[in-house]
Amino acid sequence: MDWTALVPIKQGGAGKSRLAGLLDGAARDRLAARMAEHVLAVLAASPRVRETVILSPERPEGWDGGWSADRGRGLNAELGAWRTGFGDGPLLVIHADLPLLAPSEVAALLDRAETAGAALATDRAGSGTNALALADGRALDFRFGPDSRRLHAGQGAGMAVVSGMGLAADLDTAEDFAFALTHGFVA
């Protein structure tokens with residue numbers, strides 16, 4: 001099955017604001033860009049990902065892949081609008097702040113989605129959603145944010161839940177940053 005990956009990316013100093021006590025704005029921007037580059041490289045190394053599209057306010061400099069303009073309606077509304085235009089093909093929505101992500105974890109998530117119809121990757125706390133793979137074209141109300149694992153999984157029978165260190169280790173807080181550093185991320 002050929003997948004399209006959609007990667008939402010915040011730009012212009014809007015990213016990683018919860019790290020403000022640890023890093024200044026320029027350092028947070030560099031960190032966010034580095035993590036996004038890593039996620040994009042992992043997707044490029046994933047043979048079942050046919051296309052990667054970045055959802056952001058502006059086309060990232062140097063990016064020659066797919067791009068869709070984020071019109072500022074909020075993440076869930078932007079994802080819903082994009083999905084409506086995209087149709088019901090296999091779609092992987094994956095966040096750009098996964099510094100430990102590995103191609104094998106992307107493959108495991110896609111495998112589970114192809115078997116169950118849909119799968120999500122939860123965060124380390126078990127309450128959030130870091131990636132969502134929709135293989136069966138099901139309608140889904142995107143609910144990224146607090147308690148998103150429960151909100152996504154509750155929208156239909158058979159939503160598989162996948163965990164793996166690279167899928168779970170998003171980087172939002174100083175604790176997340178420390179975790180990533182102790183597990184091989186080089187800042």
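Residue numbers start at 1 and run along the sequence shown.
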How close do Val49 and Ala5 get, counting heavy atoms only, and between which atoms? CG1-CB, 3.9 Å
Check whether any side-chain heavy atom of Arg83 lies under 4.5 Å from a side-chain heavy atom of Leu134, and answer yes or no. yes
Crowding at CZ, Arg34 (>12 non-hydrogen neighbours, <6.0 Å): yes
When you measure from the side chain of Asp123 to the backbone N and O of Gly128, does any donor-acceptor pair fall under 3.5 Å? yes
Would Glu114 and Arg48 pass as an ion pair if we require N to O under 4.0 Å? yes
Mark yes when over 12 heavy atoms from residues, nucleotides or ligands other than Asp24 sit less than 6.0 Å from its CG; otherwise mark no. yes
Are Phe144 and Val53 connected into the same hydrophobic cluster when the rule is that any two of I, L, V, M, F, W, Y join if their side-chain heavy atoms are below 4.5 Å apart? yes
Would you tell me whether Ser127 and Arg150 have side-chain atoms, one donor and one acceptor, within less than 3.5 Å of each other? no
Rounded to the nearest 0.5 Å, how far apart are CG of Leu91 and CG of Leu79? 8.5 Å
Non-hydrogen atoms of Gly166 and Glu105 that approach each other most closely: N-OE2, 2.8 Å
Nearest heavy-atom pair of Pro8 and Ile94: which atoms, and what distance? CD-O, 3.4 Å
Look up atom CG in Leu100 and atom CE in Met35, then write down how far apart they are to the nearest 0.5 Å. 10.0 Å
Test your reading of the model: is there a side-chain donor-acceptor pair from Thr129 to the backbone of Ala131, 3.5 Å cut-off? no
Taking Ala116's backbone N and O only, do any of them form a donor-acceptor pair with Arg112's side chain (distance below 3.5 Å, no angle check)? no
Going through the distances and angles, do Leu171 and Leu31 end up as a side chain to side chain contact (heavy atoms under 4.5 Å, CB included)? CA-CA 10 Å; Leu171 206 159; Leu31 175 66; 4.0 Å; yes
Interatomic distance, CG@Leu55 vs CG@Asp70, rounded to 0.5 Å, equals 5.0 Å
Are Phe185 and His38 an aromatic pair by the rule of ring centers under 6.0 Å? no
Donor-acceptor under 3.5 Å (Trp67 side chain, Pro60 main chain): no
Let me check something: do Met1 and Leu6 share a hydrophobic cluster, defined by ILVMFWY side-chain heavy atoms less than 4.5 Å apart, either directly or through other members? no
So, the side chain of Arg59 versus the backbone of Trp63: is there a donor-acceptor pair under 3.5 Å, distance only? yes
Main chain of Arg73, side chain of Glu78: is a donor-acceptor contact present, judged purely on distance under 3.5 Å? yes
Checking side chain to side chain contact (heavy atoms under 4.5 Å, CB included) for the pair Leu109/Leu132: CA distance, chi angles, key distance, verdict? CA-CA 8 Å; Leu109 178 63; Leu132 186 59; over 6 Å; no
In terms of hydrophobic clustering (I, L, V, M, F, W, Y; side-chain heavy atoms under 4.5 Å; direct or indirect links), are Leu98 and Met165 co-clustered? no
Give a yes or no on this: more than 12 heavy atoms of other residues, nucleotides or ligands lie within 6.0 Å of atom CD of Glu51. yes
Here's one to test your reading of the geometry: is the NZ or CZ of Arg124 within 45 degrees of the ring axis of Phe179 and under 6.0 Å from its centre? yes
One should read off an interatomic distance between His95 NE2 and Ile9 CD1, to the nearest 0.5 angstrom, of 12.0 Å
Less than 4.0 angstrom from a charged side-chain N to a carboxylate O is my criterion; do Arg143 and Asp141 meet it? yes
Whether Asp29 side chain and Ala26 backbone form a donor-acceptor pair below 3.5 Å: no
I'd like to check Leu140 versus Met159 (side-chain heavy atoms, cut-off strictly below 4.5 Å). Are they in contact? yes
Show your working on side chain to side chain contact (heavy atoms under 4.5 Å, CB included) between Leu92 and Leu43 and close with a plain yes or no. CA-CA 10 Å; Leu92 168 64; Leu43 294 171; 3.9 Å; yes
Please report the closest heavy-atom contact between Ala96 and Val7, naming both atoms and the distance. CB-CG1, 3.7 Å
Side chain to side chain contact (heavy atoms under 4.5 Å, CB included) between Thr122 and Leu167, worked out: CA-CA 7 Å; Thr122 188; Leu167 282 167; over 6 Å; no
Distance-minimising heavy-atom pair for Trp3 and Ala113: CH2-CB, 3.8 Å
Write down the atom of Ser56, the atom of Ile54, and the distance for their closest heavy-atom approach. OG-CG2, 3.6 Å
Can you tell me if Asn130 uses its side chain to pair, donor with acceptor, with the backbone of Ala121 under 3.5 Å? no
Out of curiosity, does Leu75 fall in the hydrophobic cluster containing Trp82 (side-chain heavy atoms, cut-off under 4.5 Å, transitive links)? yes
Here the gap from Phe142 atom CZ to Asn76 atom CG, rounded to the nearest 0.5 Å, amounts to 8.5 Å
